[in-house]
Amino acid sequence: MSTSITAYDTIAAISTPPGEGAISIVRLSGETAVTTANKVFKGKDLTKVKSHTIHYGHIVDPETGDLIDEVMVSVMLAPKTFTREDVVEINCHGGIVATNRILQLLLGEGARMAEPGEFTKRAFLNGRIDLTEAESVMDLIRAKTDRAMQVAVNQLDGNLHTLIKRLRQEILEVLAQVEVNIDYPEYDTDEMTTKMLLEKAQTVKKAIEQLLTTASQGKVLREGLATAIVGRPNVGKSSLLNHMLHEDKAIVTDVAGTTRDVLEEYVNVRGVPLKLVDTAGIHDTTDKVEKIGVERSRQAITQADLILLVLDQSQPLTAEDRELIAATAEKKRIIVLNKQDLPKQLDTDALYQLVKPNEVIKTAIPTSDGMDELDERIAKLFFGGIENSQGTVMVSNARQIGLLRQASKSLDAVIAGIDAGMPIDLVQIDMTAAWDKLGEITGESAPDELITQLFSQFCLGK
């Protein structure tokens, strides 16, 4: 990947969310960013100001002379910018009309509407960031918890990039030694080169495996944990959802079957982002609408990463309870034994014959009893091995995880080939494949199609 600044046309986009707010920002990047902005700005001559300065003035329609808005304009000259191009940011009053008018004026003066993620793509193509750092930009924007934000910041700081670059350099050094051995066998022995290849393959594979141990946690932080709250009607599922959300999102009554559809909400539980799904009570019914809700509830069970199975301890264990226990047996789950504030009717000995005692959390939702223990159990289920993500290098998306696994398989092939006594030049092919796969993570050996597809997922203005 070239690190030299590349000439592109000038792009423009609104970088703040649509709607009303204190300010909106219209961003330009490219060779003519300053001159384009200067055509619609009434104030200082932007072509003569120093880099990284901000200037008060007005945006004016150059054709009609109409005053559009009072603004502050930041001028940042290459190469010390996010894109390593000239960048101008126009800070105007928040609002759809004024912001769009300013953008339209800039497009009329020769700027082009930016594609999704094009500012970040230019930062990558100009060597400002690598692919792991580019992906972390979007992870930072989408972070739903402090922990997810910290992982994204670590990647944005280049922690993963630095580790991958070091591993690739170690592989490259041993590949160079193999080439010397092949070209000048009189200066080395096959035994020494083979030993060096084996040791390096084992060392790099160990480092990759350590990264992959963070994969499930990193993926959860990035995408959220799909969590289904299931149980038969009127056991307290909606009350549990409302308590975890700290607001009354779901209707709660003592009438069975009140929840007839699937409700989805995000919540932060001890740094774990949960996508909570409150399902309709699973039971036999002749009501057509309820039947649809029950079927969606069963689908939610199959798609969930975590099941919160709610049982009512004030009633005996039913056949429907037993059916749900069996249906969730292969899933990660927590049995929420609810309504501890009511007289006990459920036989816990019978329950413990069906589930493990350490799966059960006893709660009384109206009084919050057991809720702290439930939060702690959820966090331990997914982050038991990582107490503090601040100093941990994590992989957090499917692309990175998949490439690490492919690199690990190539290193397995290197180790197996050496054990089988294969010629060095054949073993070298698998070592080179591992080097290439690690390069795809950072973008150093990624195909253009992948780069285009990746940045298309970004928002406009970023």
Side-chain angles (χ1 to χ4, degrees), residues 225 227-265 267 269-270 272 274 276-285 287 290 293-294 296-298 300-301 304 306-329 331-381:
L225 189 69
T227 305
I229 304 174
V230 301
R232 57 186 175 83
N234 210 28
V235 294
K237 299 185 301 299
S238 295
S239 295
L240 178 59
L241 174 71
N242 289 340
H243 192 285
M244 297 182 79
L245 292 174
H246 303 292
E247 61 177 307
D248 293 335
K249 275 282 186 178
I251 299 172
V252 178
T253 74
D254 57 1
V255 178
T258 300
T259 302
R260 294 192 168 203
D261 203 352
V262 172
L263 303 177
E264 292 188 2
E265 293 290 341
V267 64
V269 175
R270 305 286 174 92
V272 183
L274 300 187
L276 284 177
V277 180
D278 180 25
T279 64
I282 298 178
H283 66 122
D284 292 328
T285 178
D287 186 294
E290 272 196 280
V294 169
R296 289 182 178 178
S297 298
R298 296 186 189 280
I301 290 176
L306 173 65
I307 303 292
L308 300 181
L309 173 54
V310 185
L311 302 178
D312 182 356
Q313 72 91 43
S314 70
Q315 297 181 15
L317 205 63
T318 68
E320 289 165 344
D321 291 330
R322 293 174 184 274
E323 180 187 343
L324 284 170
I325 289 171
T328 59
K331 306 286 290 188
K332 271 191 176 179
R333 69 182 180 185
I334 298 173
I335 310 296
V336 181
L337 194 53
N338 194 30
K339 302 190 180 182
Q340 295 292 321
D341 51 330
L342 299 178
K344 179 181 176 182
Q345 294 292 326
L346 187 144
D347 184 352
T348 51
D349 290 335
L351 175 63
Y352 291 152
Q353 291 178 5
L354 302 173
V355 304
K356 298 174 182 177
N358 62 5
E359 289 183 289
V360 178
I361 299 289
K362 296 180 179 181
T363 64
I365 293 171
T367 60
S368 299
D369 287 352
M371 296 305 296
D372 285 343
E373 186 182 355
L374 176 61
D375 290 352
E376 187 65 28
R377 182 71 59 84
I378 291 170
K380 282 187 176 179
L381 268 177

Q | salt bridge (Lys or Arg N to Asp or Glu O under 4.0 Å) contacts in which one or both residues fall within residues 343-352, not counting sequence neighbours | A |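 Sorted pair list comes back empty.
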(Q) So, using side-chain hydrogen bond (donor to acceptor under 3.5 Å, both in side chains) as the criterion, who are the partners of T318 when residues are at least two apart? (A) R232, D321
Q) Can you find a pair of side-chain heavy atoms, one from T348 and one from V360, that are under 4.5 Å apart? A)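 No, their side chains stay 4.5 Å or more apart.
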Nearest non-hydrogen partners of [X] and [Y], listed with the distance:
X	Y	result
V355	R333	CG1-NH2, 3.4 Å
V235	L311	CB-C, 4.5 Å
M244	V267	O-CG2, 3.0 Å

Q) Do you know which of N338, L337, L240 makes side-chain contact (heavy atoms from CB on, under 4.5 Å) with T363? A) N338
Enter the distance from [X]:[atom1] to [Y]:[atom2] here, rounded to the nearest 0.5 Å.
X	Y	atom1	atom2	answer
L241	I229	CG	CD1	5.0 Å
L276	N242	CG	CG	10.5 Å
T328	E359	OG1	CD	8.0 Å

Q. In chain order, what residues pass the side chain to side chain contact (heavy atoms under 4.5 Å, CB included) check against K331, with sequence neighbours excluded?
A. I307
Q) side chain to side chain contact (heavy atoms under 4.5 Å, CB included) with S314: which residues, sequence neighbours excluded? A) D312, K339, L342
Name every donor-acceptor pair, under 3.5 Å, that has one atom in a side chain of residues 369-379 and the other anywhere in the protein, sequence neighbours excluded.
residue, atom, partner, partner atom, Å
D369, OD2, T367, OG1, 3.3
E376, OE1, R270, NH1, 2.3
R377, NH1, N358, O, 2.3

